[in-house]
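Here the structure is laid out as structure tokens; the discussion comes afterwards.
Predicted, not measured: the structure shown is a model, and the values here were computed from it. Computed from heavy atoms alone, side chains included, the values below leave out hydrogens, waters and symmetry copies. Every chain is numbered from 1 and lettered A, B, ... according to where its sequence line falls, protein lines coming before strand lines.
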Amino acid sequence: MKNKKILIIDDGDVEQIVDRITSKLKRKGFHLETDVLNVNEVKFKKGTAEGQVIDFEKIKQELQNSYFSKRYDVALCDFSYGNDPLNGYEVIKWLINESKNKKAKLRHSTFISYSSEEDKFKKEIFDNQSLIKLIRLDIHDFFDRGKLTDEVPTLIIKKDKELNYKLHFISLLEQNPDFEFENGFPPFSGKKLKDIAKEIEIDSEQGREFQKELFNLTYAHIVNLNKEYQ
Amino acid sequence: MILEKLGVNFIANAGVKDIVGRGLIYNDNVAIIELVKNSKDANSNKVILEFNNPIIDASGNGDLLEDSDLNPEILIKDFGLGMSQEDITTKWLNIAYSEKKALTDKVYAGNKGVGRFSCDRLGKHLELYTRAKNGDYLRLRVNWELFENKEKKDEISKIPLAIEVLSEDEFLLNIDEKNFESGTVLKIQRLRSVWSEQKFKKLISDLEKFTPELDSTFEIFLNSNGVFQDKELVKKFNKKVSNNILQKLAFKTIYIKSSITEEGQFIETALYYQNQQVYKYKSENPYRSLKNISIEVHYLDSITKSYFTKNVGVASNSYGSIFLFYNSFRISPYGNEKNDWLGLDQRKSQGTGRYFGTRDIVGRIDVTDLDDSFSVITSREGLAHNNAYMDLVAHDPEEKTVLRSGKEEYGYAITIIRQLENFVVKGLDWNRLYDSSKKLKSVSSEDLLKDPERIKSKILSSALIKEVCDKIIHSNIDIIEFEIDSDLIDEIEKLNEVKYQSFLNDFLKKTKDKTIKELTKHQQVTVKKIVEEQNKKIEKAQEKTKQAEEKTEKVTKALTVEKKQNAYLMATRRTLSPDADGLIHTIKINNIEINEGIETLIEGLSFDEYTKEDIIAKLSSLKLYSLKSLKMTELATRSGFDKDIDVRNVDITKYVDEYLHIYKSTFGSNGLRISVGKTSKPFIKSVSLLNFSVVLDNLLSNSSKWGANEFKYSTNIENNELNILFSDNGDGLSDIFLEDPEQIFKLGVRDEPPEECGGSGIGLHYTRKLLAEMGAEIAFVGNGVDLKGAAFKVVFKAI
């Protein structure tokens with residue numbers, strides 16, 4: 001079974017949706033783990049003159065403390081939170097930008113916005129001239145809530161077929177985190193594989209050089225292996 | 001084979017003082033600034049520059065110095081660390097030694113170790129007075145002429161100097177201070193040049209440009225006992241040197257501000273029109289070597305230039321253009337008059353379009369360089385042309401810098417200046433009357449009256465401004481966020497309209513009593529211009545009307561079609577009240593859950609994945625959703641909807657009371673009578689009122705099924721927990737469960753009531769589940785505990 005992980009940020013119940021997605025993926029050979037952040041929990045609320053509303057700062061805190069350090073294949077964010085002034089577009093916008101700024105593991109997710117009220121989403125984007133921002137944010141797609149249980153499994157299966165060299169390499173390194181690297185790239189001599197994984201994760205200069213060097217070595221090795229057949 | 005070996009070493013001729021000193025410090029202002037830098041680096045919080053007995057001669061005739069009895073001198077006083085004898089011997093007298101190079105934990109303005117020779121530049125004789133904290137009062141006298149015109153064999157180290165230890169009184173007398181804890185005073189005498197008023201103005205101008213804002217940790221005071229003719233100059237002496245010209249300009253100019261963040265990740269840029277932001281954007285920083293940099297550039301049209309001259313005292317052209325500040329100190333000669341370090345004038349002369357030259361802009365670039373990305377050239381001619389420098393100012397189309405993406409682009413400063421240029425040239429400079437022969441940069445109404453044929457007006461287009469902004473978005477910069485203030489653009493357009501109207505009114509006032517024939521030829525042409533202008537406006541208005549009519553026609557047609565096609569439904573969403581909106585939202589979510597649950601069940605059954613227990617569990621949770629949906633429709637008629645379904649803090653006791661009394665009539669056909677026992681103080685807890693309502697419904701429903709016609713509740717608070725006892729006067733719990741009453745909370749467990757049909761056996765299961773979500777528990781306490789039937793206790797845990 002291949003392991004996959006998703007994050008859902010919603011203001012209501014998603015139990016049945018999660019259940020169905022999990023069952024569908026299980027039949028396709030994937031084990032799905034889901035984290036759900038319900039923005040309507042009391043701990044995320046604050047009192048105002050108009051009553052209780054979602055406190056965005058608390059949501060941000062929670063996301064940073066509990067979710068930024070995790071790697072998700074897909075991160076889904078509900079757009080509409082009922083009559084609350086906050087909407088999911090603000091949340092996903094912040095999530096994408098902040099995770100990129102902080103080079104959090106979560107930034108590698110495929111980000112999806114969804115809603116049962118597509119027209120409200122469109123209004124938010126076009127009325128506020130946010131189209132350019134939306135494009136730049138690189139949100140992968142917008143799903144209708146009623147079609148999540150079809151779209152999400154399809155997306156996960158499709159993404160599984162794509163190869164992300166960097167993430168694949170990081171996952172290999174993380175399999176043997178305390179193994180010490182000695183030969184092949186002097187700047188990393190003495191470092192543990194988990195530290196090297198971190199360099200690649202944060203996209204440091206040395207991390208990039210190391211990856212280049214590996215490609216060079218791989219190429220050289222392939223050529224070497226096949227020399228006698230030329 | 002080595003035949004002989006002779007030991008030798010470098011020797012320094014006395015003339016080296018000229019090479020590293022006067023040879024490198026190429027003018028007096030640079031010398032003064034070097035010495036001021038030294039004061040700052042010595043941790044002094046201020047420096048006092050005194051020009052005593054200046055010879056102010058308009059011709060700047062050097063001969064006057066030799067004949068004068070005035071003995072002009074320059075004093076530079078700082079109150080920093082000062083020096084001990086050892087400091088003087090091993091550091092100050094050590095040519096090219098700079099302690100600042102060794103200490104890397106502080107940002108230093110100068111670090112070349114040659115600043116001391118600035119004294120030589122300024123005068124032939126130096127008296128250095130210095131005192132380290134709690135140290136001796138020391139004086140070192142240097143006659144620079146002793147080092148000049150020397151023979152080949154005269155080494156600099158052989159010319160004797162002496163450090164004198166003075167008494168406190170003599171020390172203070174010489175430096176004209178009442179006390180002196182620590183610091184250094186340089187007294188430069190037998191000045192090498194005459195300090196004319198013009199020279200002073202230039203010095204003040206350089207000092208004012210010296211640091212971006214002379215920060216509160218370091219101040220420069222300028223004193224003199226000279227008598228000046230120029231009143232503006234008089235105002236500048238015997239006070240602190242200040243520079244806030246860019247702040248003052250902000251209210252008058254179009255300017256752009258941009259900065260690269262400390263870590264070098266982002267660029268944030270904003271463009272302002274008379275201090276109001278027109279647009280701003282944030283982008284990834286594509287420049288590899290740049291971080292911690294800020295740029296501010298102001299466009300000067302003819303009006304703002306005259307404002308500038310009035311405020312600064314020099315014409316903007318003489319003041320300079322774009323200055324560079326490196327670690328808070330200005331790097332000369334960048335930005336000086338006629339210095340074209342950014343290639344602006346070169347481009348202006350080549351281009352056919354309207355480009356900025358050095359005379360069109362003023363501003364500054366601040367570089368805080370803690371990593372030594374940049375390198376200051378020893379000869380003080382600026383910065384070495386390394387990668388960081390190119391990233392900052394590459395302006396030659398053949399020699400662009402390479403971005404992180406691998407693409408080539410102009411330097412950061414150039415890009416920002418060109419954005420301002422684009423805005424001014426394309427977007428804005430056409431917002432007023434302009435001279436078609438390009439002789440006049442700005443046009444007043446008198447100019448128009450003098451030669452109206454030449455004067456034309458253009459219409460501002462906010463579309464043009466937006467086009468400018470689009471150009472930025474599609475450039476090599478990776479934009480993350482972009483905001484444009486359309487209202488401001490419209491406002492600018494209106495302002496121009498106001499200006500035009502005011503000119504028109506002026507003109508009409510002047511000519512109101514005249515007939516067309518009585519007008520002068522020029523006035524007649526002006527009338528013609530006005531009529532043309534008015535015609536333009538009429539055309540514009542007619543165009544707008546036509547567009548509006550076309551739009552209305554389209555919309556009307558569409559509506560008619562829609563009305564024909566859609567007898568029952570509108571294509572666009574109706575606007576609902578917030579309550580109705582909230583209701584729709586929640587019902588949708590709920591029913592999507594139901595739908596998904598059913599689909600999962602169907603799929604699970606078809607794949608043979610479910611046991612009987614699984615199916616019951618699934619169906620019971622689906623039933624809960626459908627109960628909630630029904631409950632929502634009831635609650636919607638009673639109160640503000642969102643408030644009821646949201647998880648919020650409520651007084652549980654009060655809610656139970658209200659709910660039971662209002663909703664009792666909706667349950668069962670027996671009409672349960674509600675009675676109330678002892679009740680407690682308020683107990684606030686965060687609960688979902690919708691879920692709690694479903695729980696209460698279930699308890700009432702069970703009582704009703706098991707023959708009760710009275711339902712009683714009482715509450716009390718104990719150990720910070722709210723206990724609610726629900727009891728009825730029905731048949732009580734069946735005997736089969738009395739031994740193990742926990743069974744009744746399991747799914748599917750049920751019994752048949754004597755006279756009624758039983759339920760599905762899932763009610764108490766989800767009642768317990770919903771209460772658990774609220775941090776509460778339910779348990780059967782017995783039959784006949786209060787009323788004669790079953791009694792259940794619900795406990796809400798501490799707040």
Side-chain angles (χ1 to χ4, degrees), chain A residues 10-24 26-27 38-45 47 50-54 78 80-84 93 96-97 100-103 114-120 122-123 128-130 132-133 135-138 144-150 205, chain B residues 261 263 265-266 281-284 288 469-470 473 478-484 486 572-573 577-579 581-601 603-604 607 609-610 618 621-622 624-625 628 640-643 645-649 685-688:
Chain A
D10 200 300
D11 67 330
D13 257 315
V14 289
E15 196 185 320
Q16 301 305 318
I17 289 173
V18 169
D19 221 15
R20 190 161 177 222
I21 294 171
T22 308
S23 308
K24 278 187 159 186
K26 191 174 173 187
R27 286 177 209 126
N38 185 339
V39 299
N40 238 342
E41 284 183 37
V42 164
K43 64 180 179 181
F44 298 132
K45 294 291 186 86
E50 287 76 38
Q52 300 251 312
V53 295
I54 300 170
D78 182 19
S80 172
Y81 299 150
N83 278 334
D84 200 282
K93 203 168 58 168
I96 293 172
N97 286 332
K100 275 188 188 162
N101 288 351
K102 297 251 156 79
K103 294 203 190 284
Y114 67 90
S115 179
S116 56
E117 294 161 299
E118 187 182 317
D119 43 0
K120 271 191 180 171
K122 279 183 192 164
K123 197 170 157 30
N128 293 325
Q129 298 181 7
S130 303
I132 292 167
K133 276 188 219 174
I135 293 165
R136 297 267 169 191
L137 267 182
D138 199 27
D144 185 285
R145 191 191 186 95
K147 297 196 171 100
L148 275 181
T149 51
D150 291 327
E205 178 101 28
Chain B
T261 53
E263 297 304 314
Q265 272 183 303
F266 300 108
Y281 67 84
K282 183 173 173 175
S283 67
E284 304 267 357
R288 287 193 253 224
C469 298
D470 276 338
I473 294 168
D478 216 358
I479 304 282
I480 296 167
E481 291 170 12
F482 194 99
E483 274 176 38
I484 182 170
S486 303
T572 50
R573 199 180 191 274
S577 69
D579 276 358
D581 219 30
L583 180 66
I584 299 286
H585 172 75
T586 315
I587 285 177
K588 249 191 189 172
I589 290 172
N590 232 30
N591 284 288
I592 287 171
E593 284 287 283
I594 293 170
N595 190 49
E596 296 300 340
I598 292 170
E599 293 283 352
T600 312
L601 198 51
E603 284 163 6
F607 281 98
E609 288 167 356
Y610 282 166
K618 197 68 172 173
S621 55
L622 292 182
L624 190 52
Y625 286 113
K628 281 189 191 179
F641 186 73
D642 252 2
K643 291 188 180 115
I645 60 147
D646 263 2
V647 173
R648 59 185 281 241
N649 288 336
K685 179 89 182 158
S686 72
V687 297
S688 159

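- Applying the side chain to side chain donor-acceptor pair (under 3.5 Å) rule to B:Glu609 yields the partners A:Arg27; only residues at least two apart in sequence or on another chain are considered.
- Atom NZ of B:Lys282 sits in a crowded spot, with more than 12 heavy atoms from other residues, nucleotides or ligands closer than 6.0 Å.
- Once rounded to the nearest 0.5 Å, the distance linking CD of B:Glu263 with CG of A:Asn101 reads 11.5 Å.
- Proximity to chain A involves both the backbone and the side chain of B:Glu603, based on heavy atoms less than 4.5 angstrom apart.
- When heavy atoms are compared at a cutoff of 4.5 Å, B:Ile598 does not approach chain A at all.
- To the nearest 0.5 Å, atoms CG (B:Leu601) and CZ (A:Arg20) are separated by 11.0 Å.
- To the nearest 0.5 Å, atom CD1 of residue B:Ile592 and atom CG of residue A:Asp13 are 12.0 Å apart.
- Interface remark: A:Lys24 contributes side-chain atoms only to the contact with chain B (heavy atom separation under 4.5 Å).
- Taken from CG in A:Asp19 to CD in B:Glu596, the straight-line distance is 10.5 Å, to the nearest 0.5 Å.
- Proximity to chain B involves both the backbone and the side chain of A:Ser116, based on heavy atoms less than 4.5 angstrom apart.
- Separating the OG atom in A:Ser80 from the CD1 atom in B:Ile589 is a distance of 7.0 Å, to the nearest 0.5 Å.
- In this structure, A:Lys103 places its NZ atom where more than 12 heavy-atom neighbours from other residues, nucleotides or ligands lie under 6.0 Å away.
- Among residues two or more places apart in sequence or in another chain, the side chain to side chain donor-acceptor pair (under 3.5 Å) test is passed with B:Tyr610 by none.
- Taken from CD in A:Gln16 to CG in B:Asn590, the straight-line distance is 10.5 Å, to the nearest 0.5 Å.
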